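To keep things clear, I will list the structure first and then write my remarks on it.
On a predicted model such as this, the values are computed, not experimentally measured, just so you know.
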Amino acid sequence: MRQEIRRADREVPEQAALEEIVGKGVACHLALVADREPYLVTLNYGFRAGTLYFHCANAGKKIDMLKGSGRVCFSVVARHELVAAEKGCDFSMKYQSVVGYGRPRFIEEREKKREALDIIMAQYSDGAFEFPNASLSRTTVFAIDVDEMTAKSSY
């Protein structure tokens, strides 16, 4: 089910441009729900081939909610810039953002965890990194397989 965008003049309809926005972001806001209670968390992430990758500690509220979740919502803002004006009500913001939905899955296999962590690191840095087994054991890695996403840009 594709979400309608109210400001169609700001929609980014091309898949490649939409994925470029996700690829430029620095944080992902992940929205979860459990027992009818919403929870929003901001995370570092990596994106490749229609999948978002994340890492976190092995226990906590987020993990508990992900395990019981069939679907999540996410948002990434890749660019934003304040547009000042004389009057307060005339201030505005230029932006590029994505909102999407997907299904979480946990990555358990050690080599798959390393691959996912490489994708996360590539979001922020060039280069190769080592992930010792002891660190991998203390780290949960999960992915959100994207079902749908929409993007808007005012640039």
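The minimum heavy-atom distance between Gln123 and Lys24, with the atom names listed, is NE2-N, 4.2 Å. Considering all non-hydrogen atoms of both residues, Phe131 and Arg114 come closest at O-NH2, 3.1 Å. Between Phe91 and Ala85 the shortest heavy-atom distance is CE1-O, 3.1 Å. Between Asn58 and Thr139, the shortest heavy-atom distance links the atoms OD1-C, 3.2 Å.
Under 4.0 Å is where a charged nitrogen must lie from a carboxylate oxygen, and between Lys113 and Glu109 no such pair does. Ion pairing between Arg71 and Glu148 holds under the 4.0 Å rule for side-chain N and carboxylate O.
For Asp145, the salt bridge (charged side-chain N to carboxylate O under 4.0 Å, His left out) test picks out Arg105, with sequence neighbours left out. Partners of Val41 according to the side-chain contact (heavy atoms from CB on, under 4.5 Å) rule, which considers only residues two or more places apart in sequence or in another chain, are Leu30, Tyr39, Leu43, Lys62.
Tyr45 and Tyr124 have perpendicular rings, their planes meeting at more than 60° on a 0 to 90° scale where under 30° would count as parallel.
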Under the criterion side-chain contact (heavy atoms from CB on, under 4.5 Å), I'd like the reasoning laid out for Ser97 against Val76: C-alpha separation, chi angles, the key distance, then a yes or no. CA-CA 6 Å; Ser97 64; Val76 172; over 6 Å; no
Worked verdict on His29 versus Thr42 for side-chain hydrogen bond (donor to acceptor under 3.5 Å, both in side chains): CA-CA 4 Å; His29 308 281; Thr42 303; 3.0 Å; yes
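Judged purely by atom type and a 3.5 angstrom limit, Arg138 has no side-chain atom pairing as donor or acceptor with the backbone of Ala57.
In this structure the side chain of Val83 never reaches within 4.5 angstrom of the side chain of Met93, judged on heavy atoms. For the pair Val22/Leu52, a side-chain contact is recorded, criterion being any heavy-atom separation below 4.5 Å from C-beta on.
A cation-pi contact, defined as under 6.0 Å to the ring centre and within 45° of the axis, links Arg79 to Tyr155.
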